[in-house]
Amino acid sequence: MASQTLFIDIFSFNIRKIKNSYSVTTPSGAVGMRHTTEKEDVSFEKLFDAISGESYEDKFKTFISEFIGNFNSQYVVNKDKGISMHPKHRVSIHSKKFFVWGEYSGGHTGREQRVYNRDDSTLSDYTISKEKMVASPFFFLIWIPRDSNMGILILQRYSNMNCSVEFRKAIAQYFISKGFSPNWAGYVPREICKKYLETCALTAFRVQHSSPKEDDFEGTVFEGFKSDKGVSFTTTLTGLTLSFAKLLRTGKFAEDFKGFIGLIDQNYEDGDSVEITYKNIDGISVKASLDSFDEIMPKIALESDCFDEATNTPNLDKISLTAISFLDSIKKEIGYTKEFDS
């Protein structure tokens, strides 16, 4: 039995063309960029128009080469975690099926750590300084069909370490450099979580509505209250017993739940804070924020042979077969069957 359990996370994403960008300063003094986009998602054909190459295969090679080059063989660090790719990492391009899979490195940094033998907690073998990285190999697969506006990202993680956020940010920065901003959503293929969907049930939700704008009061009998911008209200619905199977329609959990809540609560607007209560697979009542809803989706564990005991690393070939199988299931689920010459 493998000493390390591996999992995968699946995300869908769309892109929108960036209209303009501007810098912002956070309360901590950090400077970042914000982007406003067009309202409609665009086909990935638009993205690949911005990537050099005669054929789609050439464009895929350019994409992965430029993406790897962004790291410059260094770790891009976000708070206490960082990731990196370099030319020595394994990459496999499948341009006719619109995906590429490969390896990247990720882990923790920013604090001093002491390394001990597990059998002796009194004696430290050595110390890892805060300038060093403690990193492990990870698997990724990204599907970008040129004639669609929906892509898929599949990322492997460990039971005790996850660099999914950092990798998505790196991919987002690449898209932004080409003039497009991505929107991410956790995705769960139906066929792999049937028991989860049928067992878990929504029992209640609470919506904290955004404060009304001053303009909303103009020309109404309540115009005198338009200065009370801090006023807000909530909607609460209890006594539900709706299985996730009935609520899930597209595989995008948060979006499907927002659609249901919008149907029940006519005052719901995108951006309102939503807290749901549901019974999990063990029958326990759990509260969760819709903003972090991806965290409560079913965890997809990989088979034990996806971890190579001899090298103590993920078996990329085994994981790639599993990831491609999941991708094929998703394509069937959304009705996508096309392949093209590169």
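The basis for the numbers below is simple: all heavy atoms, side chains too, and nothing from hydrogens, waters or symmetry mates.
- Residues His35 and Ser21 bring a donor and an acceptor atom of their side chains to less than 3.5 Å of each other.
- The shortest side-chain heavy-atom distance between Ser320 and Phe139 falls under the 4.5 Å cut-off.
- The backbone N or O of Ser285 sits nowhere less than 3.5 Å from a side-chain atom of Lys279 that would complete a donor-acceptor pair.
- Both tests hold for Arg157 against Phe7: distance to the six-membered ring centre under 6.0 Å, angle to the ring axis within 45°.
- Within the 6.0 Å centre-distance limit, the rings of Phe48 and Phe60 are counted as a close aromatic pair.
- Applying the side chain to side chain donor-acceptor pair (under 3.5 Å) test to pairs two or more places apart or on separate chains, none has a residue in residues 236-245.
- A ring-centre distance under 6.0 Å is not found for Phe98 and Phe44.
- Both tests do not hold together for Arg16 against Phe180: distance to the six-membered ring centre under 6.0 Å, angle to the ring axis within 45°.
- Minimum interatomic distance between Ile18 and Ser181 (heavy atoms only, all atoms of both residues): CG1-N, 3.8 Å.
- For Tyr187 and Phe11, the ring centers are positioned 6.0 Å apart or more.
- Aromatic ring centroids of Phe244 and Tyr278 lie under 6.0 Å apart.
- Using modelled atom types and a 3.5 Å distance limit, the side chains of His89 and Ser105 yield no donor-acceptor pair.
- Using a distance-only test at 3.5 Å, with no hydrogens or angles considered, no donor-acceptor pair links the side chain of Thr277 to the main chain of Thr203.
- A side chain to side chain donor-acceptor pair (under 3.5 Å) check over residues 128-142, counting only residues at least two apart or in different chains, returns the pairs Ser129-Glu131.
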